[in-house]
Amino acid sequence: MSPSKLDSTDSFGHEEASVSCSKPENGCVDSLSIFHSEKAVEELLQQTPVAGMDEHLIEFSEALRTVAKALRRAAEGKASAQAEAAEWKRRYELERTRNIQMERKVSGNNNCEMVQHWWIRSSLDNAMDMLRIMLPCLFFWEVGKEQNKRIAEARMAEQFSAEKNGDIDCERVKNSDNQSMLQNESNEYSETGCMKHGIWSHEVLRDRESDSNSNADRNKIMRKASFKLSWWCNGENGDQHKHDIVSFERGNITTAERSSKQISLKWESDPQTVLILTKPNSVSVRILCVQMVRWLRERKKLNVYVEPRVKVELVAESSNFSYVQTWKDDSEISHLHMKVDLVITLGGDGTVLWAASMFKGPVPPIVPFSLGSLGFMTPFHSEHFKDCLDSVLRGPISITLRHRLLCRVVRDAAKNEYETEEPFLVLNEVTIDRGISSYLTNLECYCDNSFVTCVQGDGLILSTTSGSTAYSLAAGGSMVHPQVPGILFTPICPHSLSFRPLILPEHVTVRIMVPFNSRSPAWASFDGKDRKLLAAGDALLCSMAPWPVPTACQVDSTNDFLRSIHDGLHWNLRKTQSFDGPRDRDL
Ligand SMILES: NC(=O)c1ccc[n+]([C@@H]2O[C@H](COP(=O)([O-])OP(=O)(O)OC[C@H]3O[C@@H](n4cnc5c(N)ncnc54)[C@H](O)[C@@H]3O)[C@@H](O)[C@H]2O)c1
Ligand SMILES: Nc1ncnc2c1ncn2[C@@H]1O[C@H](COP(=O)(O)OP(=O)(O)OP(=O)(O)O)[C@@H](O)[C@H]1O
């Protein structure tokens with residue numbers, strides 16, 4: 001609408017009402033015309049002799065001003081979203097053209113590494129995913145109403161369900177063979193489709209070494225078992241409507257998605273490949289491993305992977321175990337997550353830590369059997385392994401998504417070269433202590449660049465909530481439900497009476513620095529392993545990793561956690577006071 005049209009409006013502003021209705025054909029208001037309209041409304045209102053008019057007219061003119069302003073803001077927002085979408089589209093087209101050319105080259109050379117091919121497809125997928133995210137955003141801007149948000153959600157669900165049925169999947173050869181998952185965090189988001197109340201994970205994988213005995217099988221396409229995650233609260237429907245953190249429309253602040261939801265894993269195709277990891281030097285573990293491998297292969301017809309050490313043990317037991325698969329060198333471990341549907345651990349908590357440490361990126365669901373002395377993370381009993389595995393393979397199962405910390409050592413000499421040191425992913429904690437030094441450690445601690453404190457004592461533990469029942473607990477930290485996202489900041493023997501432990505939110509980056517005036521260096525260790533020297537000027541950066549460790553629950557994460565602190569630690573165990581004796585009768 002032009003300003004001149006507005007000039008002809010009568011003094012009651014009737015024509016003004018058409019500002020909000022008048023829209024170009026594409027259904028949205030052009031930002032320039034809105035700007036003019038708003039200006040025109042201002043001018044009109046100034047020209048209008050307000051004095052002497054009744055209150056309704058004044059109210060009406062105020063309302064017009066508000067409407068015009070709101071329309072301008074909406075149009076500006078939409079324009080910026082459109083510009084962003086156009087930029088993504090342009091990048092996508094550019095990448096596609098480049099990749100088609102590269103793909104032609106790759107297909108012309110059969111000896112060329114498939115790695116390259118997968119990487120290209122993965123980049124394409126990333127771009128596609130961005131577009132998929134941007135389009136519903138645009139849709140929100142244009143319509144801007146609750147009801148239409150629901151339509152957009154339904155569209156996204158349809159799209160993912162189409163993928164699930166293979167409409168898009170056939171185009172997607174996912175999970176690049178790129179080993180450096182840690183260097184390309186965005187890969188994580190291209191590997192799973194995300195929905196409001198669930199995640200689907202379904203990938204078509206090219207298995208390069210599915211059967212090392214058969215060359216014919218080398219290029220066989222292997223489909224990893226697909227599953228769906230959904231989360232729910234006790235007594236609440238999983239499809240409940242998501243609340244925004246802040247609702248501007250009604251002026252009410254409501255909380256975001258609750259983090260304490262139970263997560264359930266439902267297989268959408270049958271698991272085919274299982275990796276069994278075992279605690280070394282244990283006779284009971286070895287006996288159980290033999291029985292389990294046999295049962296999984298003969299009864300469940302599953303492919304079984306074990307560590308090279310275990311393969312040697314199994315073949316020594318019987319040559320029939322030659323079907324069991326393993327790897328020859330450690331570099332192959334980085335591909336395991338692409339082949340394995342399920343990991344089974346036979347041991348204690350240390351074996352679960354070991355299993356987690358093998359996956360430097362996404363981790364398949366872990367079923368931990370207890371063959372240790374404590375077992376905070378090992379809820380399954382080995383005597384009933386057939387029933388347990390039957391129900392896990394059938395699904396659905398409750399899982400605990402255990403957060404991990406991503407830790408990087410940054411040397412004073414290489415402050416701007418993070419990639420020079422390989423990062424560590426810890427499931428329990430990273431500990432910075434005085435090692436063999438007899439001096440107090442002196443550590444400067446920062447949280448997102450804000451100074452926290454200086455630790456003077458034996459050291460500091462930065463723990464996950466899963467690790468809260470391990471070393472951090474022994475150092476006086478709180479026990480925290482493993483599904484609570486957060487970083488525990490627990491000093492070890494601080495030489496100060498007031499140094500209480502902290503729990504920091506999950507989104508922060510903690511930086512621990514050994515100051516130049518420190519009398520001695522410090523040592524960092526990761527889940528109790530891999531000690532690294534931190535000299536004066538060196539720092540350790542620690543933040544929440546994007547790849548949690550999913551562990552299967554016996555009942556659910558809360559029940560399992562409470563059972564483990566009751567059974568494992570005898571938490572708050574006290575004889576109940578008897579009924580007889582003195583009473584407070586006056587109250
Ligand atoms: N003073 C201490 O309590 C202390 C000292 C050093 C290390 N640790 C813990 O040991 C862990 C390494 O475990 P490991 O098995 O390789 O070494 P380990 O064999 O020395 O076992 C240490 C003990 O910690 C228990 N543990 C491990 N993770 C746990 C968890 N999340 N919750 C409750 N208990 C847990 C184990 O069950 C085991 O009993 C480290 O990550 C650290 O948390 C504890
Ligand atoms: N597959 C493995 N290869 C090498 N080391 C392993 C493996 N599994 C476990 N470990 C190591 O063996 C040690 C003991 O393992 P674990 O904690 O599972 O047994 P445990 O000490 O008997 O159990 P608990 O701690 O409950 O008493 C740990 O330090 C762990 O890192």
Side-chain angles (χ1 to χ4, degrees), residues 275-286 288-289 305-314 326-327 330 333 336 343-359 366-382 400 402-405 407 424-435 458-484 488 490-493 501 523-531 542 548-549 551 557 560-571:
L275 166 67
I276 303 180
L277 296 172
T278 60
K279 171 172 80 172
N281 302 326
S282 162
V283 176
S284 55
V285 165
R286 200 182 303 174
L288 179 66
C289 181
Y305 272 86
V306 294
E307 291 169 274
R309 164 184 56 83
V310 180
K311 166 102 192 205
V312 171
E313 286 170 9
L314 287 170
T326 188
W327 50 92
D330 286 355
I333 294 173
L336 273 180
V343 179
I344 296 172
T345 63
L346 310 181
D349 293 319
T351 312
V352 178
L353 296 175
W354 179 265
S357 73
M358 286 181 66
F359 296 91
I366 297 180
V367 187
F369 282 92
S370 168
L371 285 107
S373 63
L374 255 187
F376 273 74
M377 298 188 277
T378 59
F380 293 97
H381 299 294
S382 54
T400 303
R402 296 180 181 276
H403 302 278
R404 289 197 285 182
L405 296 176
C407 310
F424 290 90
L425 282 160
V426 294
L427 175 54
N428 266 353
E429 78 285 288
V430 51
T431 305
I432 306 104
D433 61 26
R434 62 191 171 89
D458 276 2
L460 176 73
I461 299 166
L462 297 174
S463 169
T464 62
T465 44
S466 283
S468 71
T469 44
Y471 196 5
S472 170
L473 174 75
S478 272
M479 291 191 287
V480 190
H481 188 299
Q483 219 141 275
V484 175
L488 280 75
T490 313
I492 309 169
C493 300
W523 292 84
S525 58
F526 307 88
D527 283 343
K529 297 205 168 4
D530 299 313
R531 281 202 155 243
C542 178
V549 177
T551 57
S557 65
D560 284 15
F561 170 64
L562 293 175
R563 186 205 50 78
S564 68
I565 61 171
H566 285 136
D567 296 356
L569 294 174
H570 308 297
W571 180 62

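The first residue in the sequence is number 1, and the count goes up from there. Just so you know, ligand 1 is whichever comes first in the structure, and atom 1 is the first atom listed for that ligand.
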Ligand 2 atoms nearer than 4.0 angstrom to some heavy atom of Gly347 are 18 (O)

Is there side-chain contact between Val480 and Leu488, with heavy atoms separated by less than 4.5 Å?
-> yes

Does atom 22 (C) of ligand 1 have any protein heavy atom closer than 4.0 Å?
-> no

Answer whether the closest heavy-atom distance between the side chains of Met377 and Leu427 falls below 4.5 Å.
-> yes

Determine, counting only non-hydrogen atoms of the protein, whether one lies under 4.0 angstrom from atom 16 (O) of ligand 1.
-> yes

So is Thr278 in contact with ligand 2, going by heavy-atom distances below 4.0 Å?
-> yes

Aromatic plane relationship, Trp327 with Tyr305 - under 30° parallel, 30 to 60° tilted, over 60° perpendicular | parallel

Can you confirm whether something in the protein, heavy atoms only, sits under 4.0 Å from atom 7 (C) of ligand 2?
-> yes

Sub-4.5 Å side-chain heavy-atom contact between Asp433 and Arg531 = yes

Looking at atom 25 (O) of ligand 2, is any protein heavy atom nearer than 4.0 Å to it?
-> no

Which bit of Pro280 gets closer than 4.0 Å to ligand 2, counting heavy atoms only: side chain, backbone, both or neither?
-> side chain

Can you sort out which atoms of ligand 1 are near Thr469, meaning under 4.0 Å from one of its heavy atoms?
-> 30 (C), 31 (N), 32 (N), 33 (C), 34 (N)

Report yes if some heavy atom in the side chain of Thr278 is under 4.5 Å from a heavy atom in the side chain of Arg286; otherwise report no.
-> no

For residues 458-481, pull every pair meeting salt bridge (Lys or Arg N to Asp or Glu O under 4.0 Å), keeping only residues two or more places apart or in separate chains.
-> Arg434-Asp458

Leu277 to ligand 2: N or O pair under 3.5 Å?
-> no

Would you confirm whether Asp527, through its side chain, and Glu429, through its main-chain N or O, come within 3.5 Å as a donor-acceptor pair?
-> yes

Just how far is it from atom CD1 of Ile565 to atom OG of Ser468, taken to the nearest 0.5 Å?
-> 9.0 Å

Got Pro368 and Pro379 here, is their nearest side-chain heavy-atom distance under 4.5 Å?
-> yes

Counting only heavy atoms on the protein side, is anything nearer than 4.0 Å to atom 4 (C) of ligand 1?
-> yes

The atoms of ligand 1 lying under 4.0 Å from a heavy atom of Leu374, numbered in the order shown, are 37 (O), 39 (O)

Would a search of protein heavy atoms around atom 28 (N) of ligand 1 find one under 4.0 Å away?
-> yes

Would a 4.0 Å cut-off, counted as strictly less than, catch a protein heavy atom around atom 13 (C) of ligand 2?
-> no

With heavy atoms of Arg309 as the reference, note each atom of ligand 2 found under 4.0 Å away.
-> 1 (N), 2 (C), 3 (N)

Side-chain touch Thr464/Arg402, heavy atoms, less than 4.5 angstrom | no

Indicate yes or no: does an N/O atom of Gly348 lie under 3.5 Å from an N/O atom of ligand 2?
-> yes

Nearest non-hydrogen protein atom to atom 3 (N) of ligand 2, with distance, is Trp354 CE2, 3.1 Å

Between Tyr471 and Asn428, is any pair of side-chain heavy atoms under 4.5 Å apart?
-> no

When you measure from atom 10 (O) of ligand 1 to every protein heavy atom, which one gives the shortest distance, and what is it?
-> Asn428 ND2, 5.0 Å

Counting only heavy atoms on the protein side, is anything nearer than 4.0 Å to atom 1 (N) of ligand 1?
-> yes

Please check if a non-hydrogen protein atom sits closer than 4.0 Å to atom 35 (C) of ligand 1.
-> yes

Min heavy-atom dist Ser466 to ligand 1 below 4.0 Å = yes

Is_contact(atom 21 (O) of ligand 2), protein non-hydrogen, under 4.0 Å = no

Which atoms of ligand 2 are found less than 4.0 Å from any heavy atom of Thr351?
-> 8 (N), 9 (C), 15 (O), 16 (P), 18 (O)

Would atom 31 (N) of ligand 1 count as contacted, meaning some protein heavy atom under 4.0 Å?
-> yes

Per-atom contacts of ligand 2 with Glu307, taking only distances under 4.0 Å to non-hydrogen atoms = 1 (N), 3 (N)

Atom 14 (P) of ligand 1: nearest protein contact (heavy atom, Å) | Gly350 CA, 4.0 Å

If you measure from OG on Ser357 to CG on Asp530, what distance do you get to the nearest 0.5 Å?
-> 8.0 Å

For Asp567, what residues pass the salt bridge (Lys or Arg N to Asp or Glu O under 4.0 Å) criterion, not counting sequence neighbours?
-> Arg563

Would you say Gly372 has any N or O atom under 3.5 Å from an N or O of ligand 2, going by distance alone?
-> no

Are any of the N/O atoms in Ser373 less than 3.5 Å from those in ligand 1?
-> no

Proximal ligand 1 atoms for Lys529, defined as those under 4.0 Å from one of its heavy atoms | 16 (O)

Can you list the ligand 2 atoms lying under 4.0 Å from a non-hydrogen atom of Lys529?
-> 29 (O), 31 (O)

Angle class for the Phe424/Phe526 ring planes (parallel below 30°, perpendicular above 60°, tilted otherwise)?
-> parallel

Approximate separation, where rounding is to 0.5 Å, of Trp571 CH2 and Thr469 OG1 | 13.0 Å

